[in-house]
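To start, the structure under review is shown below, and the notes come after it.
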Amino acid sequence: MKILIVGSGGREHAIAWKVAQSPKAEKIYCAPGNAGIAEYAECVPIGAMEFEKLAAFAEENQIDLTIVGMDDPLVGGIVDVFEEKGLRVFGPRKNAAILEGSKAFSKDLMKKYNIPTAAYETFTDPQAALDYLETAKFPIVLKADGLALGKGVLICEDKEMAVDGVRQIMQDRKFGTAGDKMVIEEFMTGREVSVLSFVDGKIVKTMASAQDHKRAKDGDQGLNTGGMGNFSPTPFYTDEIDDFCQKNIFQPTVDAMAAEGRPFVGVIFFGLMLTEDGPKVLEYNARFGDPEAQVVLPRMKNDMIDVCEACIDGKLDEIDLQFMEDPCVCVVLASDGYPVSYEKGFPIRGLENFKDKDGYYVFHAGSAFNDKGEIVTNGGRVLGVTALGKDLKEARANAYKAVEWVDFDNKYYRHDIGKAIDEA
Ligand code: AMP
Ligand code: GLY
């Protein structure tokens, strides 16, 4: 089969690596891809938002299956464009990707179908939001309705911060049209867990749990980022919690989408908070997480193509999803200054150290070839250094050992990825 992967981050590298192991994969393309993905796939210089060009490429090259990794094209309707042309594509249609694309939509869905989540109100008028803050309890959480590169959530300690937040989101339009609407939500406390799942429109099968580290600096300090590293599984996601989530969150979400005439096909990433009152949904994503994909896919035993096809065909019940016991840890190597401003173009040294090392992976998040053909840094997040181990502590030690194998100017990473394991 000929496969096209859409995206250019560490998640898409992990997907390409996983697809490449399938005996069914004859040829893999990735648009636009990166220097690491180029090891498994022919990178095609078409942007992820250029739907017509991508579909034309898929037609011309007789692509049998397209896998979309990123949120923006999914929310923008890439799957609908491909389907209209009779092309097979893995991912939710626009009317289902709204689960991630609109926080107001997802909150209303949860309320209507009694799926546990934080209490909230939705606003389209900034003055109404400001009035609401007069009597609200703090801290409180403000969320821009639309996609905002994972940055549209503000946790406000007091009224002053919240008033400023409403101005930023709804008046200054810091996140553009994502701020046309806003959700104001109750602040929850607890441990955060991500659960990735495959969905075929009717049923859901969960992959593995993971714990992200969203803040830029050690000790969960600094700004929110796309994710600085993570581990899978998380020991805090017990069988009992899983049982509750399967019954009260996962399948009910898939049923609710089907009942709304928006059947969801693809990956749902459930962002959960394990509160004192039980697990509650923080957010939904309509795709693999990044870097969650980097710790979950190395543990998956199934053939990626088989699972994607089963989802598209509504036959996920025929798949026995299986995961290795061995846990996995990913440490993101970023460019110093991420997520604000950083330099690019520095040569990356030592990538060859990962060759033929079983259980060690280096997924490229932001890399490119320079005109000398060297692999150079090309983003805020540069590499996801990932390792398996017989237990979480060993996986963590292995990942941090491998962090030393690669180097580039301005290399920056958190030293405490997986610290929570010690509390388990
Ligand atoms: P989201 O993009 O909705 O996952 O939000 C980003 C991050 O903000 C989450 O991973 C949480 O750490 C935090 N967050 C979001 N909503 C809440 C909430 N209601 N209470 C506490 N923290 C939250
Ligand atoms: N790592 C969080 C996300 O992909 O949204």
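Worth knowing before you read on, the calculation uses all heavy atoms, side chains too, and leaves out hydrogens, waters and symmetry mates. Counting convention: from 1, in listed order, for ligands and their atoms alike.
Close approach of ligand 2 to Gly289 (heavy-atom distance below 4.0 Å) involves ligand atoms 4 (O). Listed by atom number, the atoms of ligand 2 under 4.0 Å from Asn285 heavy atoms are 5 (O). Ligand-side atoms of ligand 2 in range of Arg287: 3 (C), 4 (O), 5 (O), range being under 4.0 angstrom from any heavy atom. Atoms of ligand 2 lying under 4.0 Å from any heavy atom of Asp212, numbered from 1 in the order shown and given with element: 1 (N), 2 (C).
Checking only distances, Asp290 does come within under 3.5 Å of ligand 2, N or O to N or O. Residue Gly226 has at least one nitrogen or oxygen atom sitting less than 3.5 Å from a nitrogen or oxygen atom of ligand 2, judged on distance alone. Distances between N or O atoms of Arg11 and those of ligand 2 include no value under 3.5 Å. Among the atoms of Lys214, none of the N or O lies under 3.5 angstrom from an N or O of ligand 2.
Between Tyr361 and His13, the gap from one ring centroid to the other reaches at least 6.0 Å. Under the 6.0 Å cut-off for aromatic ring centres, Tyr29 and Phe57 qualify, their centroids lying closer than that.
With a heavy-atom cut-off of 4.0 Å, Glu100 does not touch ligand 2 at all.
In this structure, Gly227 falls outside the shell of residues with a heavy atom less than 4.0 angstrom from ligand 2.
Of the N and O atoms on the side chains of Tyr284 and Thr253, at least one donor lies less than 3.5 Å from an acceptor on the other residue. Looking only at atom types and distance, the side chain of Asn410 has no donor-acceptor partner in the side chain of Tyr338 under 3.5 Å away. With hydrogens and angles left out, the side-chain atoms of Asp255 and Gln251 include a donor and acceptor closer than 3.5 Å.
With sequence neighbours excluded, the residues that form a ring-ring contact (aromatic ring centres under 6.0 Å, His included) with Tyr132 are Phe123. Evaluation of the side-chain contact (heavy atoms from CB on, under 4.5 Å) rule for Ala402 yields Phe354, Tyr360, Val385, Trp405 as partners, not counting sequence neighbours. Every residue two or more places apart in sequence or in another chain was checked for a salt bridge (charged side-chain N to carboxylate O under 4.0 Å, His left out) with Arg11, and none qualifies.
The protein residues lying under 4.0 angstrom from ligand 1, judged by non-hydrogen atoms, are Lys103, Val141, Lys143, Val153, Ile155, Glu185, Glu186, Phe187, Met188, Glu192, Lys214, Met273, Leu282, Glu283.
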